[in-house]
Each structure stands twice: as structure tokens, then as C-alpha cells.
There are 2 protein chains.
Amino acid sequence: MNMKLKNEDELRVQIFKALADETRLEIVRMLKDSKKELSCGEIGDRVDMSKSTVSYHFKTLREAGLTTTRKDARTKYVQLRKETFDHYLPGFLDSL
Amino acid sequence: MNMKLKNEDELRVQIFKALADETRLEIVRMLKDSKKELSCGEIGDRVDMSKSTVSYHFKTLREAGLTTTRKDARTKYVQLRKETFDHYLPGFLDSL
DNA sequence: TTTTTAGTTTCATATTCATGGAACTATCGT
DNA sequence: ACGATAGTTCCATGAATATGAAACTAAAAA
């Protein structure tokens with residue numbers, strides 16, 4: 001896999017890129033408001049976009065460390081990763 | 001000029017885009033660390049990029065509301081705009 | 001007045017990003 | 001076993017972004 005090791009600023013850039021999109025911001029807000037984890041499907045339903053696009057947005061958020069995923073059979077549940085927000089964007093979620 | 005009126009999330013997206021770049025992050029850090037305002041030239045010197053590119057980065061930050069500019073004759077001085085950070089990214093500057 | 005200095009704007013270009021369709025994987029229900 | 005369901009991956013494409021060169025504007029210095 002050869003994952004490139006990122007320094008703090010590269011991580012910050014990746015995080016900001018992940019948040020620099022209205023759809024993904026909407027997803028983050030849904031996850032924040034819901035508190036309980038949501039399935040990709042539930043989120044996708046409220047977002048009027050193709051499956052593949054929605055999947056791509058999930059991947060972007062996950063790879064930036066902003067979410068975690070739990071798989072239960074067919075369904076994938078997504079949750080916010082608080083530590084990342086607290087470390088790189090303290091106070092942001094509350095302001096959202 | 002016909003400036004399009006932006007809602008909060010559009011502003012957030014614009015802010016995140018502005019911060020989603022290593023050079024601009026570096027500029028923000030310089031401004032934060034320096035405390036006193038810096039000229040475009042002083043900043044440009046430490047950033048090894050063409051004048052036009054640096055100018056473009058300043059514009060991106062300014063249009064996102066992250067900096068303000070004061071012009072003194074030939075020289076332009078740039079400063080962080082704290083209100084914007086406090087409102088959209090509280091705690092971020094301290095974490096930088 | 002001519003030249004240098006500080007910064008912007010315009011243009012071309014290469015790269016990255018967002019999007020949907022189609023094919024794929026894995027699991028569930030029948 | 002077979003069809004439906006939940007998601008991912010691959011591919012093509014149009015839009016947005018970062019970059020530098022060159023031409024430009026305005027003010028300082030000579």
C-alpha cells in the first residue's frame with residue numbers, strides 16, 4: 001500500500017479539502033445532529049446524488065480522519081471522529 | 001459588480017478552500033506568529049513562488065474574509081481577520 | 001523625467017476534483 | 001439457487017485550482 005506519511009500541515013490541508021464541499025458539510029452536520037451513527041444509505045437518501053458520488057464523499061471524509069465506519073453485514077454505519085475535530089478544529093462542530 | 005450573496009455554508013466552503021493549501025496555511029501561520037502586520041513582499045520572500053502566484057494566494061485569503069489589507073503607498077500590509085476565525089473556526093488559530 | 005519597486009491582472013497550462021453510469025462484491029430474503 | 005439490496009470501484013468528463021510569464025498600474029527614487 002505504501003501509505004505516505006503525512007506531516008501536520010498536510011493533514012490539515014486534507015481535512016480542509018474534505019470540508020470544502022457543501023455536500024460533505026451537510027453530511028457532517030447530519031452526523032453531528034443525529035448523535036447516533038447513521039448508515040450510508042440513510043445519509044445518501046437525504047442528499048440527492050448518485051450512489052457512487054455519495055460513496056466518494058464518504059471516502060473523502062474517512063481518509064481525512066473525520067469519520068469512522070463500522071460494517072454490519074450489508075450496511076455501513078458512519079460516525080464523526082471527535083478526536084480529529086478536537087485536535088485540528090476545536091470548537092468547529094459547536095459552531096456548525 | 002453584482003456580488004453574489006452567500007449563505008453560511010457557502011462561506012464555510014470558501015473558507016475551507018482558502019485554507020486547503022499548504023502555501024496559504026504557511027502564510028496564515030506567519031501572520032499569526034508575527035502579530036504585527038506584514039507586507040506582501042515580506043511574506044512573498046519567505047515563500048519561493050512567483051509574484052503572481054503569491055498575489056493570487058493573498059486574494060484567495062482576502063476573499064474568504066480571512067485577512068484584511070491596508071495599502072500604504074506602494075506597499076500592502078496584510079493582517080489576519082480575527083472575527084472570521086473566531087466565528088467560523090474558533091480555536092483553530094491557537095491549534096496552529 | 002526616467003527607472004526601479006510593489007503588487008495586480010490576464011492568459012495559458014497542467015493538475016485536481018466532483019459527478020454519474022456501469023460493472024463489481026457481498027449479504028439478505030425468498 | 002436467484003433476485004434484490006448496500007456499498008465500492010473504475011472510467012470518462014466537465015469544472016475548478018495552482019502556477020508562472022508577461023503586460024500592466026501606481027508610487028518611490030534617481
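Every chain is numbered from 1 and lettered A, B, ... according to where its sequence line falls, protein lines coming before strand lines.
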Reckon [X] touches a base, only the sugar-phosphate, or nothing at all at heavy-atom distances under 4.0 Å?
X	answer
B/Lys51	base
A/Thr60	nothing
A/Ser52	base
B/Tyr56	base
A/Thr53	base

> Do A/Arg62 side-chain atoms and A/Thr67 backbone N/O form a donor-acceptor pair below 3.5 Å?
Replying inline: no
>> So, applying ring pair (Phe, Tyr, Trp, His ring centres under 6.0 Å) with B/Phe92, which one of A/Tyr88, A/Phe16, A/Phe85 is it?
In response: A/Phe16
> For B/His57 and D/dT17, is the shortest distance between a side-chain N/O and OP1 or OP2 below 4.0 Å?
Replying inline: no
> Under 4.0 Å between a side-chain N or O of A/Lys76 and OP1 or OP2 of C/dA26?
Replying inline: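 False: A/Lys76 side-chain N/O out of range (4.0 Å or more) of C/dA26 OP1/OP2.
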Could you state the atom-to-atom distance from [atom1] of [X] to [atom2] of [N] in whole Å?
X	N	atom1	atom2	result
B/Phe58	D/dA18	CZ	P	15 Å
A/Asp72	D/dT5	CG	P	18 Å
A/Phe16	D/dT17	CZ	P	16 Å
B/Glu42	C/dG7	CD	C1'	14 Å
A/Arg24	C/dT19	CZ	C1'	12 Å
A/Leu38	D/dA6	CG	P	15 Å
A/Glu63	C/dT16	CD	P	15 Å
A/Lys59	C/dG20	NZ	P	17 Å

> Given the rule that I, L, V, M, F, W and Y join up when any side-chain heavy atoms are under 4.5 Å apart, are B/Met30 and B/Val28 in one cluster?
Replying inline: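 In one cluster: yes.
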> Of the non-hydrogen atoms in A/Leu96 and A/Lys32, which two are nearest, and what is the gap between them?
Replying inline: O-NZ, 3.0 Å
> The side chain of B/Arg74 lies closest to which of these nucleotides: D/dG20, C/dT4, C/dG7?
Replying inline: C/dT4
> Picking from C/dT19, D/dA27, C/dT9, which would you name as closest to the side chain of B/Ala73?
Replying inline: D/dA27
>> Judged by each residue's nearest nucleotide on DNA chain C, which is more toward the 5′ side, A/Met49 or A/Lys17?
In response: A/Lys17
>> Apply salt bridge (charged side-chain N to carboxylate O under 4.0 Å, His left out) to residues B/Asp9 and A/Arg29 and explain how you reach the verdict.
In response: CA-CA 11 Å; B/Asp9 271 8; A/Arg29 186 178 283 108; 2.8 Å; yes
